[in-house]
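All remarks here apply to the structure that follows.
Just follow the structure's listing: the first ligand is 1, and inside any ligand the first atom is 1.
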Amino acid sequence: MLSRSSSSPRWTGFFLVFLSLCSLFVPAVSVKHENFKTCAQSGFCKRNRQFADDVTSSSAWTSPYNIDPATISFSKGQLNAVVLKTVKDGEDKVRLPLTVTFLESGTARVTLDEEKRQKGDIQLRGDSKVRKERYNEASQWALVGGLEVSEGAALSEKAEDGFTKVFYGEGGKHQALIRHSPFSIDFQRDGETQVKFNDRGLLNLEHWRAKKEKPVEEKKEGEEENKEEKKEEEAEKGEDESTWWDETFGGNTDTKPRGPEAVALDISFPGYEHVFGIPEHATSLSLKTTRGGEGNYNEPYRLYNADVFEYEMDSPMTLYGAIPLMQAHRKGSTVGVFWLNAAETWVDVTKSKTSANPLSLGTKSRTDTETHWISESGLLDVFVFLGPTPQDLNRQYGELTGFTQLPQSFAIAYHQCRWNYVSDDDVKDVDRKFDKFNIPYDVIWLDIEYTHEKKYFTWDPLTFINPTKMGKQLEKSIRKLVVIIDPHIKNTDSYPVIDELKKKDLAVKNKEGNQYEGWCWPGSSMWIDCFNPAAITWWKTLFKYDSFKGTLSNTFIWNDMNEPSVFNGPETTMPKDNVHFGGWEHRDVHNINGMTFHNATYQALLERKKGEVRRPFALTRSFYSGSQRVGAMWTGDNLAEWSHLEASLPMVLNQGISGFPFAGADVGGFFGNPSKELLTRWYQAGIYYPFFRGHAHIDTRRREPYIAGSPYTEIMTQALRLRYQLLPAWYTAFHEAATTGAPIIRPNYWVHPEDEAGFAIDDQLYIGSTGLLAKPVTKEGADSVSVYLADSQPYYDYFDFTTYQGAGHHHTVPAPLEKIPLLMQGGHVIPRRDRPRRSSGLMKFDPFTLVVVLDSAGNANGTLYLDDGETFEYEQGAFIHRRFSFSAKHASLTSTNLGGRATTKTDKYLKTMANVRVEKVIVVGAPSAWQHKTSVTVMEEGAKESARRKQVDFEFFPADGKKAAWAVVRDPRVAIGKGWKIDFSDKSGGGDHGHQH
Ligand SMILES: *[C@@H]1O[C@H](CO)[C@@H](O)[C@H](O)[C@H]1NC(C)=O
């Protein structure tokens with residue numbers, strides 16, 4: 001949360017009156033553009049965009065980067081060489097060490113460094129003590145695996161003059177065609193080029209150079225003339241030095257002890273019309289182009305984590321987090337690049353009609369997408385993924401940066417937040433009201449006002465008098481508390497936390513080497529530097545139960561403001577010439593900063609108490625590649641407007657395909673007061689966010705779901721119950737994300753990668769592999785939605801089984817306020833728990849309902865993953881993982897084990913679940929042959945002989961107009977953790993079909 005306008009409660013009343021006066025005129029809230037740079041205001045971006053324009057407009061251009069063939073060597077899956085950059089003004093050629101590494105996964109990695117800086121052979125300006133190398137540690141924070149080199153990668157035996165060719169990937173299907181002069185690389189799969197580096201000649205690695213001090217201009221007279229001369233001089237040199245040595249924005253001057261050091265490269269995707277990824281932006285899933293034209297942007301996508309207050313829709317502006325992963329998609333192929341750089345980065349996207357012979361294109365589109373990546377500092381370090389499917393791409397990226405942490409089960413239920421629940425009594429009251437209205441929720445949250453004067457790890461002594469008692473009340477319904485802890489530490493007297501931070505010297509430094517002091521919620525503050533291992537060690541001590549008193553084992557943590565947000569800093573963040581542990585400038589590490597703090601909190605939660613190891617829950621606002629390993633994110637400070645509800649869907653979908661799927665937007669909108677209709681629709685959409693939290697600004701009216709009254713409260717309650725009913729399906733989807741990198745909610749192209757008409761669709765979503773297809777209402781006054789179906793399977797309305805069928809068409813689905821448009825694709829088995837409870841914890845031993853949704857051939861499949869939802873014992877086998885299959889041929893539904901060999905932990909866990917059964921099986925699209933059936937035969941493994949085969953009641957409901965026939969098996973009483981079979985055949989009751997394992 002954030003507001004510069006009225007953080008002090010004293011002003012709230014006044015502000016509310018003021019607001020209500022303003023609302024007569026409908027105040028337009030909007031982002032303060034002047035606070036954030038455009039590309040033209042960011043020196044290195046401007047230089048590189050200008051460079052691109054110059055190159056594009058010159059017909060005689062050749063890139064000045066050439067591989068020196070004598071330097072090429074290849075061994076153990078890695079090619080090494082030196083790229084020589086020819087510099088105009090006659091300096092020696094600049095030597096740039098190149099590596100191209102071929103990984104076992106079929107991914108290639110290209111790095112380009114600068115020899116002079118590598119060797120520390122440069123002079124820093126001023127008396128700066130920062131490191132001389134280009135920043136080369138991003139991989140240490142972002143990567144956790146996937147770096148095994150390919151044993152099979154080999155140089156091509158047929159040497160072509162001027163090229164080096166390497167075969168790699170499974171069966172040598174991938175090929176890197178490295179051109180020496182000018183240097184470029186084509187990455188090919190099955191003989192076709194998929195990704196090109198430096199095809200347009202925009203590679204630009206700004207090498208180190210000494211500043212040539214110009215003689216001070218004394219002449220006052222004839223100044224005009226002088227300026228003209230200078231301009232001419234610059235034009236001749238072709239380089240504009242004005243932003244090389246320092247740069248001022250919004251009154252802050254950034255000194256650059258290493259001078260200009262940007263890295264930039266063009267990356268093209270021939271035959272690919274769509275590119276996705278590079279969150280976080282409030283934009284469509286399929287990225288628009290950025291060089292102007294009708295409906296497109298004029299600015300590149302920016303990645304520079306920042307606290308963007310009241311951010312605007314449909315914009316390439318930067319937001320709170322950055323994942324520099326882009327994927328390109330066409331029919332039959334998904335490829336991608338991961339630009340591993342933590343500095344400020346801009347990405348231009350353009351599209352052009354393909355120049356290749358259209359007859360030879362096959363499945364390729366006629367459009368090429370070209371991208372231009374520009375970072376302020378650091379190595380050039382890029383991974384190239386060759387798919388070929390979206391599933392492959394997410395797995396390959398996940399192997400490098402890690403998969404989603406499997407959260408505790410409460411964390412995927414509903415979270416109730418506002419800035420602020422003002423006292424422990426207030427919290428207890430809200431908790432009781434949820435119960436009174438029978439509305440489920442799992443977690444209540446406290447924003448910054450719970451602290452004593454914004455000193456984290458303390459409680460306000462007047463308002464939070466007995467936090468322990470509050471926590472215990474929550475515990476009674478197995479509910480949790482989340483409290484906010486931010487990275488800025490109040491710089492004040494008599495606060496042990498700041499004393500220790502200073503004494504142990506663990507804060508970020510300013511350029512002079514002193515502990516940096518800036519302004520945030522508490523006023524004067526310092527920032528913990530989590531790049532320092534000692535800082536993490538110290539941070540852990542603050543969360544121990546005897547240190548953070550008043551917190552219990554059901555307390556978890558929210559990290560906000562970790563971009564970091566600095567109210568008086570340039571672009572509301574830290575000066576780039578601040579210095580972190582290891583001597584790196586903030587410029588180098590900015591986009592990783594938030595992740596290191598979030599990780600420190602995660603580590604701290606792991607170790608609150610000896611012997612009590614539970615999965616942490618920590619929410620972050622700022623993130624980078626790898627943040628998925630340690631928690632959830634939300635999309636920051638949105639507005640209570642329909643447009644923000646609408647934008648949340650592509651944003652959350654984009655998080656999913658970009659490797660950080662545990663994501664959500666503030667339900668209801670953070671700023672402003674949603675109408676009852678908007679709030680209700682937002683709950684109906686929010687149930688599809690993997691991270692599902694209602695939140696509101698301090699100046700808004702209370703809006704807990706029980707406040708709106710009839711019929712809104714009932715409708716929101718129904719939405720919440722639907723989320724709770726489907727929690728087993730959600731948890732299974734999280735498990736899939738945690739083991740394969742698959743998104744939790746999935747856009748159309750990901751599920752139907754061959755369906756070109758659906759590639760850009762980003763307003764409907766699939767939940768995991770369940771076949772559940774949701775299309776949230778995001779328009780005021782709507783009473784229907786239009787759902788696009790990509791395939792020819794029947795889709796059934798979740799509630800009344802109305803059938804929709806027809807590939808490649810939009811279908812109108814009724815959606816009056818009380819109706820949630822949700823369809824089930826034929827071919828799936830969906831696990832649910834149908835008993836409404838107050839919290840997910842209370843559902844732990846509830847029985848299951850299985851919804852079997854038959855496809856057009858009469859078959860269906862689905863999975864269920866289940867564990868204790870709390871500890872790490874699942875890592876040692878303490879889980880249930882089942883496959884449910886309905887076969888038309890055998891007319892039976894079976895449950896088989898996907899869990900592999902049982903361990904003692906498995907047995908122990910299964911024992912706790914022994915009495916958890918399937919209480920109902922619903923078959924949707926039931927064959928009419930079943931209409932006279934009254935019972936089915938149920939067989940369970942390991943049951944006593946007498947109980948092994950039993951007849952169970954069965955009821956058939958014939959089709960009714962568009963509503964499909966369905967059937968229900970009442971209480972088959974089979975254990976969820978066991979193998980079993982339900983026989984629907986006519987012979988059911990005769991013949992032994994054996995039991996399943
Ligand atoms: C997270 O913390 C651990 C333990 O201190 C550390 O080893 C690791 O490098 C950290 N990772 C990130 C991304 O900060």
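Gln515 meets the side-chain hydrogen bond (donor to acceptor under 3.5 Å, both in side chains) test with Asp505; sequence neighbours excluded. Every residue meeting the disulfide (SG to SG under 2.5 Å) condition with Cys45, not counting sequence neighbours, appears here in chain and number order: Cys39.
Taking the six-membered ring wherever Trp is involved, the centroid distance between the rings of His415 and Phe617 falls below 6.0 Å. A distance of 6.0 Å or more separates the ring centres of Trp558 and Trp419.
Protein residues are said to neighbour a ligand when one of their heavy atoms lies under 4.0 Å from it; for ligand 1 these are Trp141, Ile536, Thr596, Asn599, Gln603, Arg629.
Considering Arg131, Arg258, Lys256 in turn, Arg258 is the only one that fulfils the salt bridge (charged side-chain N to carboxylate O under 4.0 Å, His left out) rule with Asp588.
For residues 561-570, the salt bridge (Lys or Arg N to Asp or Glu O under 4.0 Å) pairs, not counting sequence neighbours, are Glu563-Arg621.
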